[in-house]
Amino acid sequence: MEVLPHFSHVHPLVFNDGRSHESEEVYCCACGELVSGPRFSCVDCGFHLDKNCAEALVEVNQPFHHKHNLKLMTSSPYVEGNPICGFCNNICEKFVYHCSCSLSFHIKCAFLSYKFLVKNSRELVHQDKPISSECDSQKLKKVICFACQKSLLGSDYISPDSGFYLHKKYFDLPLEISHLSHRHHSLFLQFNSDHLPCKICFKIQYRGLVYCCSICKFVLHIECVSPPPIIEDPSTHEHPFTRCLREWSFNCDVCGTLGNYVSYNCSTCCLMVHKKCISLPRFIKSLWHDHPISHKYFVVDNECTTHDCPLCHEEVNMACGSYNCSKCKFVIHVNCALQDAQDYYKISKDEFDKLLNAMLEVGTMNPSFSVRNMIKVGEKMINMEIEHFSHQHNLVLSDEVKERRYCDGCSQLILTSFYCCLECDFFLHKSCAELPRKKQILGIFHQDPFVLTPNCIFICSDCGCLCSGFAYKCEVYLCRDHICVRCAETAFSCMSGGHEHLLLLYRTYLGGYCNACGGSAGGYTVYRCKACNFNVHSGCATLLPQTTWHKSDRHCLILTYHEDNDYSQYHYCDVCEKERSPNTWFYHCPICDNSAHLSCVLRDDLFLKRGSKIKESDHPHTLMFVEKVYDYPECHKCGHRCMDLALECLDAECKYIIHWECSTSFQLFQNGTVALTVN
């Protein structure tokens, strides 16, 4: 009787040749698989090891991992969680070969990978013949090649019974190669345990095999070892590109970034480019510009107004490739324009011309107003009377800001020149009256122009605020998007009264705090001054009104950026009576010397215009948005006093009033409605 002492078990294990006809199923405690052949077992404990697992070395040196030996462990090497097998990408739940550099294998995967790398091809090929990629295409979409970690779809592959897949072309990979891009040492077929990027394509392959020089930390992906000698793509360039392997860096003429070791050259045009850049689209429609843009190998000064990229705010090298709009003199880095596949789509030359002409016509074909009277002041013509599409009467320009009035376009206080109706209470800021009837919204994937729509109560699809007045509405797709006029004017840069320098838009910022509200800026879109480390949430920069009103004060409150009083007891909010930080923005009344938190003044209904009229399904008369200051009548629905925004009946004899939160319209918004029409 053969007896085996094994480190994984307290009792000796007895050999069983597996020839008995017992019906009991026995599973190996090392690999978890059903044992159908010879095994070692503990009769007392029911502990079984497949013969191969039982005789596995406690410490092995595999040819694809020269740095350390792999040690056999009976369970996870980690305090919490299980490692992922570097061969099959599945969780290791039983015995595991583990290295101190976090490389782990199932015990059976360690056997199989060793056989593969030492070219025990007879045993591997015997398990399964090469299979055509045409077989079971749905399955191939989900599985990847063990070596290169790419999809098997479209290639012949090998699938042994052990459950891993391999492109047929990689079955005879040499363990050691010499390469023109690294002439000092040989490159060995290894696991990329240090997660180093490929020196040619700059991408990191976390699993699978790479060719590596561990001395120089030099890595090449398998598919990058032998790039094609000539590449032709007439859709992007009229001449072929020829491969050049050298140990030097170069500047790509297409994207303007650094390249190493492998370039593709067009001798006719004197171009040197990355392989991946050969097929870059010549024409695209980007979400971050009104017009379609085209690729140019260089841009001269009179073709752009600034050399800074609007997305990363770094300088664009005019002597290298970039995307450019000649109409707006707009320029952007190639990699910034193509960074996110959801931010652009490819177009042909014909589509480029048609789309450009259509975009240029958007602002001129359908204006939002027609002029009825104008005067000349110096060299400037002033539109004194207009007919606006949003109102049935003509509107007259006025500079007399006497009483508290709100714009019917943006629902904000009117403090500058405005257009007013002489027959009814209808007012528009001059800037709101001049808004284009159709506008393309930056950052929205469908690039058809949005239509300016009046008399709306809606939830802005961008900032999430409940708004009234004008909305830019999508009328082409079924997305139901409504954008408020503030978000529709998103700019790549802006000036703020809270800072002396120009602030630049960063779509996602990874650190710091907002200097306006004090909240975290991490993960948010911010306006930022790089020189001063000054950050402001995009909402704080664009949505905070410079002047507003709150019922706690008789006068208008002014957005204030700096606290001039150092006396600590002065730093309190006069609305909530809690402490206020002297380092963040606040609202202040200079007449009454009252100060308040931004959040205490700016409520969820800030952009709902008081005086707007609406019909409710459960009341026969028209209701108007009001906010009572002194007299707080009881709500006809809940019985509590209406101290905040309310809906009041216009019928003087009705005396009906309810909280806005008690209305059926409010409940519709709570249940997913995005927009309603007001009277």
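All values derive from a computational prediction rather than experimental measurement.
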Centroid-centroid under 6.0 Å between [X] and [Y] rings:
X: Phe418; Y: His429; answer: no
X: His295; Y: Tyr297; answer: yes
X: Tyr419; Y: His388; answer: no
X: Tyr472; Y: Phe450; answer: no
X: His597; Y: Tyr587; answer: no

Is there side-chain contact between [X] and [Y], with heavy atoms separated by less than 4.5 Å?
X: Ile382; Y: Met384; answer: yes
X: Leu280; Y: Thr236; answer: no
X: Cys467; Y: Phe458; answer: yes
X: Leu557; Y: Val601; answer: yes
X: Asp290; Y: Cys328; answer: no
X: Arg437; Y: Phe389; answer: yes
X: Glu627; Y: Glu648; answer: no
X: Phe586; Y: Leu559; answer: no

I'd like to know if [X] pairs up with [Y] as an ion pair, taking the criterion as any Lys NZ or Arg NE/NH1/NH2 lying under 4.0 Å from an Asp or Glu carboxylate oxygen.
X: Lys609; Y: Asp408; result: yes
X: Lys628; Y: Asp644; result: no
X: Lys346; Y: Glu351; result: no
X: Lys530; Y: Glu314; result: yes
X: Lys430; Y: Asp399; result: no
X: Asp353; Y: Lys349; result: yes
X: Asp343; Y: Arg507; result: yes

Working note: Leu544 + Leu602, criterion side-chain contact (heavy atoms from CB on, under 4.5 Å); need CA distance, chi angles, decisive distance, verdict. CA-CA 8 Å; Leu544 296 181; Leu602 306 177; 2.9 Å; yes
Let's go through Leu397 and Asn383 carefully: what are the C-alpha distance in whole Å and the side-chain angles of both, what is the deciding distance for side-chain contact (heavy atoms from CB on, under 4.5 Å) to 0.1 Å, and is it a yes or a no? CA-CA 7 Å; Leu397 185 64; Asn383 299 326; over 6 Å; no
Going through the distances and angles, do Leu543 and Cys465 end up as a side-chain contact (heavy atoms from CB on, under 4.5 Å)? CA-CA 10 Å; Leu543 299 181; Cys465 293; 4.3 Å; yes
Minimum heavy-atom separation for [X] and [Y], please, with both atom names.
X: Lys439; Y: Ala488; result: CE-O, 2.8 Å
X: Ile332; Y: Cys309; result: CG1-SG, 3.6 Å
X: Cys432; Y: Phe470; result: O-CE1, 3.8 Å
X: Tyr561; Y: Gln546; result: OH-OE1, 2.8 Å
X: His289; Y: Ile293; result: CD2-CG2, 3.9 Å
X: Cys463; Y: Cys487; result: CB-SG, 3.5 Å

Check the side chains of [Y] and [X] for a donor-acceptor pair under 3.5 angstrom, ignoring hydrogens and angles.
X: Asn335; Y: His333; value: no
X: Arg528; Y: Asn535; value: yes
X: Ser595; Y: His588; value: yes
X: Ser411; Y: Ser468; value: yes

Could you walk me through whether Trp660 and Leu466 pass the side-chain contact (heavy atoms from CB on, under 4.5 Å) test, one step at a time? CA-CA 12 Å; Trp660 162 238; Leu466 185 61; 3.7 Å; yes
Carefully, step by step, assess Phe492 and His313 under the rule ring pair (Phe, Tyr, Trp, His ring centres under 6.0 Å). CA-CA 9 Å; Phe492 291 114; His313 305 293; 7.4 Å; no
Between atom CG of Leu395 and atom CD of Glu385, what is the distance when rounded to the nearest 0.5 Å?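 The distance works out to 8.5 Å.
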In this structure, are over 12 heavy atoms from other groups packed under 6.0 Å from [X] atom [atom1]?
X: Phe352; atom1: CZ; answer: yes
X: Phe298; atom1: CZ; answer: no
X: Phe625; atom1: CZ; answer: yes
X: Arg372; atom1: CZ; answer: yes
X: Gln392; atom1: CD; answer: yes
X: Glu400; atom1: CD; answer: no

Under 3.5 Å: donor-acceptor pair, side chain of Gln667, backbone of Glu661: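 Answer holds: yes.
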Option among Pro367, Pro449, Ser368 that satisfies the side-chain contact (heavy atoms from CB on, under 4.5 Å) test with Lys438: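 So, applying the side-chain contact (heavy atoms from CB on, under 4.5 Å) to Lys438 and each of Pro367, Pro449, Ser368, only Pro449 qualifies.
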Give the intermediate values and the outcome of salt bridge (Lys or Arg N to Asp or Glu O under 4.0 Å) for residues Arg641 and Asp631. CA-CA 9 Å; Arg641 295 194 174 277; Asp631 178 31; 5.5 Å; no
Would you please test His619 and Tyr656 for ring pair (Phe, Tyr, Trp, His ring centres under 6.0 Å) and show each step? CA-CA 9 Å; His619 189 73; Tyr656 179 85; 3.9 Å; yes
Can a cation-pi geometry be assigned to Arg486 and Phe607, taking NZ or CZ under 6.0 Å from the six-membered ring centre and within 45° of the ring axis? yes
Do Arg610 and Tyr406 form a cation-pi contact, if we require the NZ or CZ to be under 6.0 Å from the six-membered ring centre and within 45 degrees of the ring's axis? no
